[in-house]
Amino acid sequence: MLNLQALLYPLISPSRLRLRHKNDGADEISAQLKPVQAFHRQLQGNDDTLALIGHGAGSFRYYPMRIVSQVKPEQAPDGVAATATIAGNGALFAAAEAKPVAQLMEQAFKQYGLDAIELDVQILLDDDRGRSDLAGVANTACILHDPILPDKLAYPSPAYDYLRENTLSKLLETFVAQGYHQDKLLYLDLKADACCQVSPSRAPDSCKVYPDLLAEVIKPYLSDAFASNHGKPWLRVVSFSPHSLFALRDVLDSEQQRHLNFGLIAGYENNLPWPLSIIKRKAANAKGPVPLLDDEILEFAASCEWLNQLWFSCKGLSKPVAIFQQLNQRRLAAKLSPLSYSVSHYDVSERHYRRKLSQLAAKQPLDIASFMIDIDQA
């Protein structure tokens, strides 16, 4: 079957790194990124090499994206759910089948030499399913980009088995057992419905269920017993939702909070006239809900004393550097520490990336500490 999304990959991720040989690793990635690392050093006015974050566990092709069915519902003896699998991304005529996340993580750190990876955390809540056959997955934090759709999932199915084996709990166990927590970073992208991507005071009570469940998974690792060698939290949470970050922190004690880093993901601007504004909104939300970077969210970022980082993309913001320089000025005026920044590299062309970030030539450059890359290995 024709994979129409594959036709859009050059537009969605024009700066994705492509490794043509199975054994390509850190040296090849470093060679491909040498010009952009030099560009960053020039802008920052120092000799620092920015940390590399692997988008989707460092594997575009084999990262778990969504639940799919291999046959049409009427052709499946037990319905569509029994044939469900977990798909990654891939070629024009077929998406690759997702590989175990622990395997992708090992490749990212040991073969690619990345400093960090980013993972999406989805939770199928009890109220969403209404079926006892999904008890082994419901209310469990799993690694998957898209929401876990109960009408596409059942036991037994390959998709069910994959989610059971690729829970956040098991991934954290592996991360620590391999000693990655000593010098690597793990970013968890907290997913939230559109109604939860608001300030903490405006979110409905239902938005607390996801952070509450997630907190129980990560609490055992938020202590000095799992401290990193670099003295900073190795476990980091990021989200488009100010409420999700607030609600998660709110159920942790002060010691646990100290061992967790919090980052806000900036949404997009939309100052276009109708109907172009509708087209931009749909494009921005094509892979999941993404909020406008409006005054409410900027106020949260400017006034939140415990916020550590801000992630952004040059794609949806007209003048990102100007926006965030002003944000840091507001934080300094409030006697708060300036934020550290991370920027997505893969989703715009190299020319566009350099043009947007060249605004860093201003007197108060942003503290860009890392950038996120997309890697595809054939």
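Values below: every heavy atom of this structure, side chains too, minus hydrogens, waters and symmetry copies. Numbers for residues simply follow the sequence, beginning at 1.
Side chain of Q377 to backbone of K22: a donor-acceptor contact under 3.5 angstrom is found.
When only modelled atom types and interatomic distance are considered, N229 and H181 share no side-chain donor-acceptor pair under 3.5 Å. Checked by atom type, the side-chain pair T167/T140 shows no donor-acceptor distance below 3.5 Å. Residues Q197 and S241 bring no donor and acceptor atom of their side chains to less than 3.5 Å of each other. Of the N and O atoms on the side chains of D120 and Y63, at least one donor lies less than 3.5 Å from an acceptor on the other residue. A side-chain donor from one of H55 and D374 sits under 3.5 Å from a side-chain acceptor of the other. Inspection of the D347 and S313 side chains reveals an N or O donor paired with an N or O acceptor under 3.5 Å. A side-chain N or O of S318 and one of E269 form a donor-acceptor pair less than 3.5 Å apart.
A perpendicular orientation is assigned to the rings of F262 and W306, their planes being inclined by more than 60° (bins at 30° and 60°). Taking the six-membered ring where the residue is Trp, F226 and Y221 present tilted rings, their angle falling between 30° and 60°. Between Y341 and F312, the ring-plane angle classifies as perpendicular under the 30° and 60° cut-offs. Using the six-membered ring where Trp is involved, H345 and F371 have ring planes that are perpendicular, over 60° apart on the 30 and 60° scheme. Taking the six-membered ring where tryptophan is involved, the planes of Y353 and F39 are tilted, since the angle between them lies from 30° to 60°.
Less than 2.5 Å separates the SG atom of C207 from that of C196.
Across all non-hydrogen atoms, the minimal contact from S239 to S244 is OG-CB, 4.0 Å.
At a threshold of 4.5 Å between non-hydrogen side-chain atoms, the residues Y346 and I373 do not count as touching.
Of the candidates I218, D224, L252, H259 forms a side chain to side chain contact (heavy atoms under 4.5 Å, CB included) with just one, namely D224.
Under the 4.0 Å criterion applied to side-chain N and carboxylate O atoms, E173 and K170 are not assigned as salt-bridge partners.
Partners of E28 under the side chain to side chain contact (heavy atoms under 4.5 Å, CB included) rule, at least two apart in sequence or in another chain, are L19, D24, Q32.
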